[in-house]
Amino acid sequence: VQLQASGGGLVQAGGSLRLSCVHSGRIFSSAVMAWFRQAPGKEREWVARDRRNGVSTDYAGSVKGRFTISRDNAKNTVYLQMNNLKPEDTAVYYCARGTQWTGEPNAYTYWGQGTQVTVSS
């Protein structure tokens, strides 16, 4: 299994970005797909997760109402739509696949390489 994340960039506060994570092969509906982020000097933190292709989604409080996780099974791709971005959203964003419904990074087996998101004030 390989995950390839892309879509990061530099954006002004209030702007939007959409991150993509291409999964090699089919994403099983039972898999938990998640996005995490890690800012310089901080631990990796969970941002959003999805199970059963959108039947269950969950978001960290800091992004709820601004970020949306979704899947396109035909493209084996998971997205993170990020709206109303804030400078504190600046981080390297990672996609991950696991089997447990959790925000604990150690529970996820497969990880993408990360994509940088920088939000200027």
Side-chain angles (χ1 to χ4, degrees):
V1 173
Q2 291 186 332
L3 303 177
Q4 181 75 30
S6 63
L10 174 64
V11 64
Q12 289 187 333
S16 299
L17 283 174
R18 188 177 78 159
L19 305 183
S20 300
C21 175
V22 178
H23 182 288
S24 64
R26 184 168 65 96
I27 305 175
F28 295 101
S29 61
S30 59
V32 177
M33 300 301 299
W35 288 93
F36 290 79
R37 67 186 181 186
Q38 188 166 18
K42 295 187 177 181
E43 294 186 352
R44 190 167 299 190
E45 66 171 348
W46 163 71
V47 174
R49 59 181 183 258
D50 167 275
R51 178 173 60 186
R52 297 196 179 277
N53 195 22
V55 172
S56 297
T57 58
D58 198 12
Y59 299 90
S62 59
V63 307
K64 191 171 294 185
R66 300 188 297 122
F67 291 11
T68 303
I69 187 171
S70 63
R71 300 191 196 187
D72 185 336
N73 286 335
K75 296 182 179 180
N76 296 330
T77 301
V78 179
Y79 301 100
L80 186 68
Q81 177 67 42
M82 306 186 295
N83 298 328
N84 190 22
L85 283 160
K86 303 176 181 180
E88 52 264 41
D89 295 319
T90 296
V92 177
Y93 283 71
Y94 299 88
C95 59
R97 171 184 153 178
T99 58
Q100 298 180 46
W101 189 242
T102 178
E104 173 56 49
N106 290 338
Y108 288 79
T109 305
Y110 302 103
W111 290 83
Q113 84 287 4
T115 184
Q116 176 70 48
V117 171
T118 303
V119 184
S120 63
S121 58

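Computed from a predicted model, the values in this text were never measured in an experiment.
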Note to self: A quick test of your reading: do over 12 heavy atoms of other residues, nucleotides or ligands sit less than 6.0 Å from CD of E104?
What the structure shows: yes

Notebook entry, point to check: Looking at CD of Q38 and CD of E43, how far apart are the two atoms once the value is rounded to the nearest 0.5 Å?
Noted result: 8.5 Å

Note to self: Tell me the closest heavy-atom pair linking A91 and A39, and the distance in Å.
What the structure shows: CB-N, 3.8 Å

Check: At their closest point, which heavy atom of T77 faces which heavy atom of S20, and how far apart are they?
Finding: CG2-CB, 4.2 Å

Item checked: Result of checking N84, N83, L85 against F67 for side chain to side chain contact (heavy atoms under 4.5 Å, CB included) -> L85

Checklist line | Distance (rounded to the nearest 0.5 Å) between D89 CG and T118 OG1 | finding: 11.0 Å

Next item on the list: Could you tell me the separation between the OG1 atom of T68 and the CG atom of D50, rounded to the nearest 0.5 Å?
Entry: 11.5 Å

Margin query: Applying side-chain contact (heavy atoms from CB on, under 4.5 Å) to E45 and R37, what does each step give before you reach the verdict?
Written below: CA-CA 5 Å; E45 66 171 348; R37 67 186 181 186; 2.6 Å; yes

Notebook entry, point to check: Is there a path of hydrophobic side-chain contacts, each under 4.5 Å between heavy atoms of I, L, V, M, F, W or Y residues, that connects V11 with Y79?
Noted result: no

Margin query: Closer than 3.5 angstrom, by distance alone: can the side chain of W46 be matched with the main-chain N or O of A48 as a donor-acceptor pair?
Written below: yes

Checklist line | Test item: T102 side-chain N/O and Q100 main-chain N/O as donor-acceptor pair under 3.5 Å | finding: no

Margin query: Return the CG to NE2 distance between D72 and H23, rounded to the nearest 0.5 Å.
Written below: 14.0 Å

Item checked: Residue from V32, V78, V1 passing side chain to side chain contact (heavy atoms under 4.5 Å, CB included) with R97 -> V1

Margin query: As an exercise, state the distance from CD of Q81 to CG of L17, rounded to the nearest 0.5 Å.
Written below: 8.5 Å

Next item on the list: Report the C-alpha separation of M82 and W35 in whole Å, then their side-chain angles, then the decisive distance to 0.1 Å, and conclude whether the side-chain contact (heavy atoms from CB on, under 4.5 Å) test is met.
Entry: CA-CA 12 Å; M82 306 186 295; W35 288 93; over 6 Å; no

Next item on the list: Verify the cluster assignment for V119 and V92: are they in a single hydrophobic cluster under the rule of side-chain heavy atoms below 4.5 Å apart?
Entry: no

Checklist line | Sub-4.5 Å side-chain heavy-atom contact between Q116 and T90 | finding: yes

Item checked: Closest heavy-atom pair and its distance - G114, A5 -> N-CB, 4.4 Å

Next item on the list: Would you list the pairs meeting ring pair (Phe, Tyr, Trp, His ring centres under 6.0 Å) in which at least one residue belongs to residues 85-110, sequence neighbours left out?
Entry: F36-Y108

Margin query: With rounding to the nearest 0.5 angstrom, report the CE to OG1 distance, M33 to T57.
Written below: 14.5 Å

